[in-house]
Amino acid sequence: MIRRNPALAALAAGYLFPEIARRRRAFQEGHPDARIISLGVGNTTEPLTPHVTRRLVEAAERLGTRAGYTGYGDEQGLAELRAKIADVLYGGLVAPDEVFVSDGSKCDIGRLQLMFGGGIPVAVQDPAYPVYVDGSVIAGAASRAGADGRYGGITYLPCVAENGFMPDLAALPRDGLVYFCSPNNPTGAVATKAWLAGLVKEAQAKGCIIIFDAAYSEYIRDPALPRSIFEVEGARTCAIEVNSFSKSVGFTGVRLGWTVVPRELAWEGGSPVAADWNRIMTTIFNGASNLAQQGGLAALEPEGRREGAALVAHYMGNADLIAKGLAAQGIASCGGDNAPYLWAAFPGRSSWEVFEEILERCHVVTTPGSGFGPCGEGFVRFSAFGRREDVVEAVGRLVRLGG
Ligand code: MLT
């Protein structure tokens, strides 16, 4: 018999979101009349916007003609889309050939982990999007979790109320891979430009590479806050950025994202990281869907940008409602002002216990903070991606937590 991949054997438990779905199903089976509302996983619910939909339909029709049919495209994405991302979203801060189009940032994070492999120190914010840790374990960069839930080989950088949910940079490992997400999933905290400049400086001093996850950048309302790490001087020598159309234009199901690998970024010895990323993408990825890429192009046209901004504003309206609803119940929360997630504090309580209580009393699904890391204990996350009427109803039901 073939032995099980020891890296997989090191994984502690199932992935967070299927576990939440399993608990939701179990509750529904026991309470068939309950109308459960999900403010759990960050899954978009609004339809695709009209301009983008029109362009997708036109693109599908073209594919149905001999003249308009295309098969495989460049693995790195359509040249036109790469140029538009560089121009419209980065204002020329990155070059088109540094943009690698993909089927989403989560998938790119997995492929990046393959590129870095095992045997390197990894640092994550704690709490963090679970893919950073679980993917690192699968890639062989970590050993089994101890009794405290922390994997060996991973440096957990506590992000707690006392430090404004921004980690202590002195704790960055030497020559390591550092994950940083801003606007943050799950806390909703957003790094200022000055803070990111400190991160870049520390990464340079320690020989680290940062994977900067900017999937929620379009949710930044404050114009002073940076949407990309490449707004910071020096980032081109120490950072990779991943981003996605999922949350900005509702492409969670359409699937489209991108990764920026600057040409200055180099390995020890000087060889360019971008060359290896290109090798990986051309080997195990066959390019993003040609239809999805046409949708991405439409989303970056002026009309698509206006529609996307309205969509984001709509979800942020949900975030405002949730924030007010939590405050009305005396539940302290942060986030939700420049991010679609609210991080609600239940000090001294277990996150899963609070998750169960909200599910049982309010029939509302949230995400337990401890699922994002040990420092998430005592919190639950509310997502603003529900339908408006569901958010209104869910917020109204929070009053049941009082009794
Ligand atoms: C979430 O945290 O809810 C996830 O971000 C969903 C996703 O993978 O995008």
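Since we're looking at a predicted model, the values are computed, not measured. Just so you know, ligand 1 is whichever comes first in the structure, and atom 1 is the first atom listed for that ligand.
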Of the side chain and backbone of N43, name the one, both, or neither that has a heavy atom under 4.0 Å from an atom of ligand 1. neither

Taking the side chain as everything from C-beta on, heavy atoms only, tell me whether N163 gets closer than 4.5 Å to D168. no

Using atom types as modelled and distance alone, determine if a side-chain donor or acceptor of Y179 lies under 3.5 Å from a backbone N or O of V133. no

Any idea which atoms of ligand 1 are less than 4.0 Å away from a heavy-atom of Y341? 1 (C), 2 (O), 3 (O), 5 (O)

Look at R82 together with D74 and state whether they make a salt bridge at an N to O cut-off of under 4.0 Å. no

Residue and atom name of the nearest protein heavy atom (relative to atom 6 (C) of ligand 1), distance in Å to one decimal: K247 NZ, 3.8 Å

Atoms in ligand 1 flagged as close to N185, the criterion being non-hydrogen separation under 4.0 Å: 1 (C), 2 (O), 5 (O)

Say whether G42, considering both its backbone and side-chain N or O atoms, lies within less than 3.5 Å of an N or O atom on ligand 1. yes

Basic-acidic side-chain contact under 4.0 Å: E80, K84: no

Charged N-O contact under 4.0 Å between E19 and R23: yes

What atoms of ligand 1 come closer than 4.0 angstrom to any heavy atom of R381? 1 (C), 2 (O), 3 (O)

The atoms of ligand 1 lying under 4.0 Å from a heavy atom of Y216, numbered in the order shown, are 5 (O)

Tell me which part of F385 gets within contact of ligand 1: side chain, backbone, both or neither, using heavy atoms under 4.0 Å. neither

Assess whether salt bridge (Lys or Arg N to Asp or Glu O under 4.0 Å) is satisfied between R111 and D108, documenting all intermediate values. CA-CA 5 Å; R111 288 183 286 257; D108 273 351; 2.8 Å; yes

What residue and heavy atom of the protein are closest to atom 4 (C) of ligand 1, and at what distance? Y129 CE1, 3.7 Å

Using a strict 4.0 Å threshold on nitrogen-to-oxygen distance, state whether E377 and R349 make a salt bridge. no

